[in-house]
Amino acid sequence: MITVHTKDQGSIQVDDGAALGEIARAHAGKQAGVIAARLDGNLCDLSVKPGDGAQVEFVTADSPEGLEILRHSTSHVMADAVKRLYPDTKLTIGPAVEDGFYYDFDTAHAFAPEDLPKIEAEMARIIKEDLPFVREDVSREEAERLFSEKGESYKLEILRELEPGPISIYRHGQFVDLCRGPHVPRTGGIKAFKLMSFAGAYWRGDEHNKMLQRLYGTAFKTKEQLDKHVRRIEEAKKRDHRRLGRELDLFSTSEDVGGGLILWHPKGALIRKLIEDFWRERHLENGYDLVFSPHIGRENLWQTSGHLGFYRENMYSPMDIDGQNYFIKPMNCPFHIQIFRSRQRSYRDLPIRYAELGTVYRYERSGVLHGLMRVRGFTQDDAHIFCRPDQLSAEVEGLIDFSVYMLRSFGFSEFDTYLSTRPEKFAGAPARWDAATEALRSGLVAKGLPFQVDPGEGVFYGPKIDIKVKDSLGRAWQCTTIQVDFNLPERFGVEYIGDDNAPHQPYVLHRALLGSLERFFGVLTEHHAGAFPVWLSPVQAVVIPVSERHVEYARKVRGEVAGAGFRVQADERNEKLGYKIREGEMQKIPFMLVVGDREVADGGVSPRTRGREDLKFMTIESFVSLLRERAVRPAPRRG
RNA sequence: GCUGGCGUAGCUCAGCUGGUAGAGCGGCUGACUUGUAAUCAGCAGGUCACGGGUUCAAAUCCCAUCGCCAGCUCCA
């Protein structure tokens, strides 16, 4: 007998030579569904036999790591199924990913939608066979022999790059794969899986390499969890901003206009206007100066800024004006710098903060265009801050506060924040990089914003902070970016006169809080599923007369509510009440005011809120004060 | 840009292995006079993305083009 220490059962006595699986069966008790274990801190298969005094923790598919193992095992089963159906297939890699797993194949067979059920059926067969997953540790030579016999050239390529030491392979049935493991004990342990989609993917993500075929799938511990996941995806589709954009008549794109170019319809434009008004007011309150700059600039400007050197491929072709080349701006920076340079600046003038809702145009490859999220023409909520070294920390902290305030004002509360540090190729002095990076880092710490460091992921001209928010499909979209720029001040000779009467180079910070109005509006639409907060709703209330004889009264109500400063319509169409209510719900209008005989007689309205909260009869005045309460804009930032 | 899929009425889609187009919603008109998520009826909408080809005959099969979608790649 030996002793192992478990987390749940404490120290237990087990037979010497017992595998973890047997121990789990004997001691994990109710905790059925153990699929792997953590032995002295490392994940391993249940076939492993622990030594005396080992620390053991059982892993189930309820934990994120357990789920990952389950999905990884399912990807092996899928690969097996594909090889059974299409024997010429070569295996490449098949990891678990955030919501499931994928496996990339090199095969002459082009996958089609009808293949997914076939592969699923084959997988079900493999699961029913309940084959054990068997790990073997082999020598590199043995592994090479095995995979070259099988013609698995990609596996050989991976093999050649692995660290020296024994190689682990996993088998189940006839299937064998190079794999680190661990895996569930048997294929029968997979209870709920589904293949989701297929797509092309380059070998090793490099577009110069061969395009492989990727199958995506997912697996869960139970059928219920899988169904829930599928329903969540369907729900997310309903929230797709492109769909809501059409249904709510917010925006569109047109083939005739061109891809990635947005047409803002009246309702979308109104929401945008409300966002812009809010944005401008808050910037003025927070010490920014508003500026405007042109859409095009001479070649020389972009030469000096360096954009023609390092950003040319994202810029559109120049236009000839009086023999001079002019370029449509992909960024606002050079213009703001020109405003700064338009006169001499004293250290007393700093910090200077120029803000502009600047519309820029960038070439994006056609395949990446996506609704409002990825476009070719967009308006950045841009600003450039010029400050002295002793002001840098305060500016960064102020920016972090301001960013979070803005995002929260629109209903976002979950952020993924990244700090990107100096890359291999960079401009500017290392000492300034270090100082700036430290200022960003300590700013994040001081403001208590959790973040992740992306080492070497900064842009060449300076370190940056990025804040991303997630959309309903779980994709993260970058909104806020706060970047220090060491390049432009250098290139344009930006300087101020210090208290020593000598010129100094200021720190230049480039930032966008919402990112682009287009993307932000897309994220906002999905976040609220089209049901915008009352202060942003294009139509805040609709008056619904019960029948034609109430139309006149409905107009009167509409007039009074509109007179109080609200966006209100009257639905005078010759339709039944239920029809108009339904329409109002689908248009996500926050308040519906039903007026019929009772309301006319008593001189009031019967409001119903979005989401079927039925309010009792009230006077028009009390409704207006209710609306005033619900439509309040986020309060200005304190301090 | 690459790989795959898809382009049929304003929208969502049907139209099997070729025989010159259909539904629901929406729109218009009329009837009904409506009490909290779809009243009924009639009518009008389509060069079946576009250009070639095969065929007696093409929405359907083939080729090219354009667009959209998913993913990859890219993303200052």
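Every chain is numbered from 1 and lettered A, B, ... according to where its sequence line falls, protein lines coming before strand lines. These numbers come from the heavy atoms of this one structure, side chains and all, not from hydrogens, waters or symmetry mates.
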Visitor: Without decimals, in angstroms, what is the distance between A:D104 CG and B:U3 P?
Guide: 16 Å

Visitor: A:K210 has an atom NZ; how far is it from atom P of B:G4, in whole Å?
Guide: 12 Å

Visitor: Look at the side-chain N and O atoms of A:H370 and state whether any lies under 4.0 Å from the OP1 or OP2 oxygen of B:C68.
Guide: no

Visitor: A cation-pi test, strictly: NZ or CZ of A:K90 under 6.0 Å from the centre of the six-membered ring of A:F105 and no more than 45 degrees from its axis. Yes or no?
Guide: no

Visitor: On RNA chain B, compare the nucleotides closest to A:E599 and A:L212; which residue's is nearer the 5' end?
Guide: A:L212

Visitor: Would you mind telling me which of A:H510, A:Q380, A:H384 makes a side-chain hydrogen bond (donor to acceptor under 3.5 Å, both in side chains) with A:N332?
Guide: A:Q380

Visitor: What does B:G18 pair with, Watson-Crick or G-U, if both distances are under 3.5 Å?
Guide: none

Visitor: Taking atom P in both B:G7 and B:U39, what distance in whole Å separates the two?
Guide: 33 Å

Visitor: Quick one: look up who B:A23 pairs with, Watson-Crick or G-U, both distances under 3.5 Å, and put none if it's unpaired.
Guide: B:U12

Visitor: Set out, line by line, the N/O atom pairs under 3.5 Å between protein and nucleotides 37-46 of chain B.
Guide:
from: B:A37; atom 1: O4'; to: A:R582; atom 2: N; distance (Å): 3.4
from: B:A37; atom 1: N7; to: A:R612; atom 2: NH2; distance (Å): 3.3
from: B:A37; atom 1: N6; to: A:E585; atom 2: OE1; distance (Å): 3.4
from: B:A38; atom 1: N7; to: A:R582; atom 2: NE; distance (Å): 3.1
from: B:A38; atom 1: N7; to: A:R582; atom 2: NH1; distance (Å): 3.4
from: B:A38; atom 1: N7; to: A:R582; atom 2: NH2; distance (Å): 3.0
from: B:A38; atom 1: N6; to: A:R582; atom 2: NH2; distance (Å): 2.7
from: B:A38; atom 1: N1; to: A:R582; atom 2: NH1; distance (Å): 3.4

Visitor: Give me the distance, rounded to whole Å, that separates B:C13 from B:U55 when you measure between the C1' atoms they each carry.
Guide: 29 Å

Visitor: Could you check A:G371 against A:P330 and say which one's nearest nucleotide on RNA chain B is further toward the 5' end?
Guide: A:G371

Visitor: For B:C48, which nucleotide is its Watson-Crick or G-U wobble mate, given both distances must be under 3.5 Å?
Guide: none

Visitor: What interatomic distance, in whole Å, is found between C1' of B:G15 and the corresponding atom of B:C75?
Guide: 43 Å

Visitor: Write down the distance separating the C1' atoms in B:G24 and B:G45, rounded off to the nearest Å.
Guide: 15 Å

Visitor: Among B:G1, B:A70, B:U36, which is the nearest nucleotide to the side chain of A:S366?
Guide: B:G1

Visitor: Verify the neighbour count for atom CD of A:E585: are there more than 12 heavy atoms of other residues, nucleotides or ligands below 6.0 Å?
Guide: yes

Visitor: Between B:U20 and B:G10, how far apart are the C1' atoms? Round to whole Å, please.
Guide: 25 Å

Visitor: Take atom CG of A:L244 and atom C1' of B:C11, then tell me their distance rounded to the nearest Å.
Guide: 14 Å

Visitor: Quick one: A:R598 CZ to B:U34 C1', roughly how many Å, whole number?
Guide: 13 Å

Visitor: Quantified in whole Å, what is the C1' atom distance between nucleotide B:A23 and nucleotide B:C63?
Guide: 33 Å

Visitor: With P as the reference atom in both, quote the distance from B:G53 to B:A59 in angstrom, rounded to an integer.
Guide: 15 Å

Visitor: Does a side chain donor of either A:D382 or A:H336 reach within less than 3.5 Å of an acceptor in the other side chain?
Guide: no

Visitor: Is A:R242 near enough to B:C69 that one of its side-chain N or O atoms lies under 4.0 angstrom from OP1 or OP2?
Guide: yes

Visitor: May I ask you to say whether A:R214 pairs ionically with A:D104, meaning some side-chain N is under 4.0 Å from a carboxylate O?
Guide: yes

Visitor: Among A:T417, A:T481, A:T480, which one satisfies side-chain hydrogen bond (donor to acceptor under 3.5 Å, both in side chains) with A:D466?
Guide: A:T481

Visitor: Separation of A:M592 atom CE from B:U34 atom P, in whole Å?
Guide: 22 Å

Visitor: Check the angle between the aromatic planes of A:H370 and A:W477 and answer parallel, tilted or perpendicular using the 30° and 60° thresholds.
Guide: parallel

Visitor: To the nearest Å, give me how far apart CZ (A:R549) and P (B:U33) are.
Guide: 10 Å

Visitor: Could you give the distance from CG (A:L615) to CZ (A:R608), rounded to the nearest 0.5 Å?
Guide: 10.0 Å

Visitor: Check whether any side-chain N or O of A:S305 sits under 3.5 Å from a backbone N or O of A:H307 as a donor-acceptor pair, and report yes or no.
Guide: yes

Visitor: Tell me whether A:R353 is salt-bridged to A:E395, with the criterion being a basic N under 4.0 Å from an acidic carboxylate O.
Guide: yes

Visitor: Could you go through nucleotides 64-67 of chain B and list every protein N or O atom that sits under 3.5 Å from one of its N or O atoms, giving the distance for each pair?
Guide:
from: B:G67; atom 1: O2'; to: A:E255; atom 2: OE2; distance (Å): 3.0

Visitor: Once side chain to side chain donor-acceptor pair (under 3.5 Å) is applied, do any residues pair with A:S293, and if so which ones, sequence neighbours excluded?
Guide: A:K329, A:E356

Visitor: Using whole Å, report how far CG of A:D571 lies from P of B:G35.
Guide: 15 Å

Visitor: Go through the steps for A:S537 and A:K588 under the test side-chain contact (heavy atoms from CB on, under 4.5 Å), then give the verdict.
Guide: CA-CA 8 Å; A:S537 289; A:K588 321 263 186 197; over 6 Å; no

Visitor: Quote, to the nearest angstrom, the P distance that separates B:C11 from B:C50.
Guide: 15 Å

Visitor: Go through residues 479-490 of chain A and report each residue with a non-hydrogen atom lying under 4.0 Å from RNA chain B, sorted by number.
Guide: none

Visitor: Once side-chain contact (heavy atoms from CB on, under 4.5 Å) is applied, do any residues pair with A:L85, and if so which ones, sequence neighbours excluded?
Guide: A:I119, A:E122

Visitor: Anything under 3.5 Å between a protein N or O and an N or O of nucleotides 72-75 of chain B, put it in a table, one pair a line.
Guide:
from: B:C72; atom 1: O4'; to: A:G200; atom 2: O; distance (Å): 3.3
from: B:C72; atom 1: O2'; to: A:Y202; atom 2: N; distance (Å): 3.1
from: B:U73; atom 1: O2'; to: A:E207; atom 2: OE2; distance (Å): 3.0
from: B:C74; atom 1: O2; to: A:R374; atom 2: NH2; distance (Å): 3.4
from: B:C75; atom 1: O2; to: A:R374; atom 2: NH1; distance (Å): 3.3
from: B:C75; atom 1: O2; to: A:R374; atom 2: NH2; distance (Å): 3.4

Visitor: Among side-chain atoms of A:T218 and A:H229, is any donor-acceptor pair under 3.5 angstrom?
Guide: no

Visitor: Count the heavy atoms belonging to other residues, nucleotides or ligands that lie under 6.0 Å from CD of A:E552, then report whether that count exceeds 12.
Guide: no

Visitor: Are there more than 12 heavy atoms of other residues, nucleotides or ligands under 6.0 Å from atom CD of A:E161?
Guide: yes

Visitor: When the distance from CZ of A:F105 to C1' of B:G71 is rounded to whole Å, what number comes out?
Guide: 15 Å

Visitor: Give the nucleotide from the list B:U36, B:U33, B:G27 with an atom nearest to the side chain of A:R573.
Guide: B:G27

Visitor: Using only side-chain N and O atoms of A:R246, determine if any of them is under 4.0 Å from OP1 or OP2 of B:U12.
Guide: yes

Visitor: Once you apply the 3.5 Å cut-off to both distances, tell me the Watson-Crick or G-U wobble partner of B:G4, or none.
Guide: B:C69

Visitor: Would B:G53 be called syn or anti, given that syn covers angles within 90° of 0?
Guide: anti

